[in-house]
Amino acid sequence: MSEHPEQTIDRPGHIEDMAEKPRDEMTNYVGRGLLSGRKALVTGGDSGIGRAVAVAFAKEGADVSIAHLSEFDDAARTCELIEAEGRTALSIDGDLADPQHCRDVVAQTVEALGGLDILVNNVAFQNPVEDFLELTPEQWYRTFDVNIHSFFHVTRAAVDHLTGGGAIINTGSINGLRGNKTLIDYSATKGAVTALTYSLAQSLLERKIRVNCVAPGPVWTPLIPATMPADQVAEFGKQVPFGRAADADEIAPSFVFFASETMSSYYFGEVLAPIGGETLPG
């Protein structure tokens with residue numbers, strides 16, 4: 001299996017700066033109308049998994065709103081791909097660590113798209129540390145604000161709109177299932193995402209809102225060269241049995257599965273883990 005180029009890029013990570021571009025445009029994906037007429041919000045939807053999910057949803061017939069930080073060119077490209085499918089696209093920039101912005105994102109989405117049926121909580125922040133004592137309280141709080149508190153605030157604002165048949169899909173991680181010594185705060189938030197999924201699925205069942213989680217292994221996205229040392233970037237994903245990181249295009253169909261009532265009407269509180277052949281004991 002080939003290595004990724006040794007490279008680091010500036011945060012938060014822009015596709016144009018990557019030496020090896022990610023596969024996140026769902027070029028070969030053919031929709032079947034599984035989400036026809038639905039309205040979706042994808043946080044962290046500018047690139048990577050979020051972009052692939054947004055484009056897959058559009059190919060399945062959904063209008064899609066994406067929320068992102070400051071990756072304006074990447075977000076514009078995602079909207080272009082959505083609109084190429086004849087669907088409405090909306091791009092909302094801002095910091096989802098801010099609870100009020102989380103509420104505003106939902107309100108703007110509902111106003112622009114005419115409703116909300118599917119919520120994908122996907123936004124994430126990570127910053128590896130080599131030693132636990134390098135992990136500052138400021139980074140700990142930032143990671144939790146983005147990776148789990150935003151899920152709470154966006155979901156809370158969305159529930160009334162989703163009631164009666166909506167779907168929530170949370171993006172977890174293999175690191176939330178088995179930990180990671182250099183991504184301690186990130187892993188803790190992803191473990192919280194798993195528990196939040198289980199709990200919300202039980203809590204929102206009476207409202208007929210399905211809540212599930214996709215917890216991928218390593219995926220090649222701008223987040224990787226933006227947050228990892230160049231030598232680790234070159235080796236990224238080689239540790240899994242499959243021998244490489246996934247492309248975002250390979251992960252997005254799992255989100256389509258959970259978003260579609262046709263495909264997953266009996267799924268509540270499930271975690272689907274596309275992790276390249278790794279097995280988890282216990």
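All heavy atoms count here, side chains included; hydrogens, waters and symmetry mates do not.
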| Under the salt bridge (Lys or Arg N to Asp or Glu O under 4.0 Å) rule, what pairs show up with a residue in residues 97-109, not counting sequence neighbours? | none
| query | Distance-only, no hydrogens or angles: does the Thr78 side chain make a donor-acceptor pair with backbone N or O of Asp46 under 3.5 Å? | reply | yes
| Hydrophobic cluster partners of Tyr266 (side-chain heavy atoms under 4.5 Å) | none
| query | Under the ring-ring contact (aromatic ring centres under 6.0 Å, His included) test, which residues partner Phe257, sequence neighbours left out? | reply | Tyr267
| field | side chain to side chain donor-acceptor pair (under 3.5 Å) contacts in which one or both residues fall within residues 32-45, not counting sequence neighbours | value | Lys39-Asp63
| field | Pairs touching residues 173-202 that satisfy salt bridge (Lys or Arg N to Asp or Glu O under 4.0 Å), sequence neighbours left out | value | Arg178-Glu278
| field | Partner residues of Thr136 under the side chain to side chain contact (heavy atoms under 4.5 Å, CB included) criterion, sequence neighbours left out | value | Glu138, Gln139
| Minimum heavy-atom distance between Glu85 and Ala58, given as atom pair plus value | CB-O, 3.9 Å
| request: Would you sort out whether Asn212 and Leu272 count as a side-chain contact (heavy atoms from CB on, under 4.5 Å), showing the intermediate values? | output: CA-CA 8 Å; Asn212 294 288; Leu272 184 55; over 6 Å; no
Would you mind writing out the side-chain donor-acceptor pairs for residues 158-171 within the sub-3.5 Å range, not counting sequence neighbours?
unit_1: Thr163; atom_1: OG1; unit_2: Val159; atom_2: O; d: 2.8
unit_1: Asn170; atom_1: OD1; unit_2: Asn121; atom_2: ND2; d: 3.0
unit_1: Asn170; atom_1: ND2; unit_2: Thr197; atom_2: OG1; d: 3.0
unit_1: Thr171; atom_1: OG1; unit_2: Asn122; atom_2: OD1; d: 3.0

| field | Partners meeting ring-ring contact (aromatic ring centres under 6.0 Å, His included) with Tyr198 (sequence neighbours left out) | value | none
| Mind checking what makes ring-ring contact (aromatic ring centres under 6.0 Å, His included) contact with Tyr29, not counting sequence neighbours? | none
| task | Could you list all the side chain to side chain donor-acceptor pair (under 3.5 Å) pairs where at least one residue sits in residues 106-119, not counting sequence neighbours? | result | Ser65-Thr109
| Shared-cluster residues of Phe268, by chain and number - hydrophobic side chains joined below 4.5 Å | Leu205
| request: Determine which pairs satisfy salt bridge (Lys or Arg N to Asp or Glu O under 4.0 Å) with at least one residue from residues 210-221, sequence neighbours left out, and list them in order. | output: Arg210-Glu261
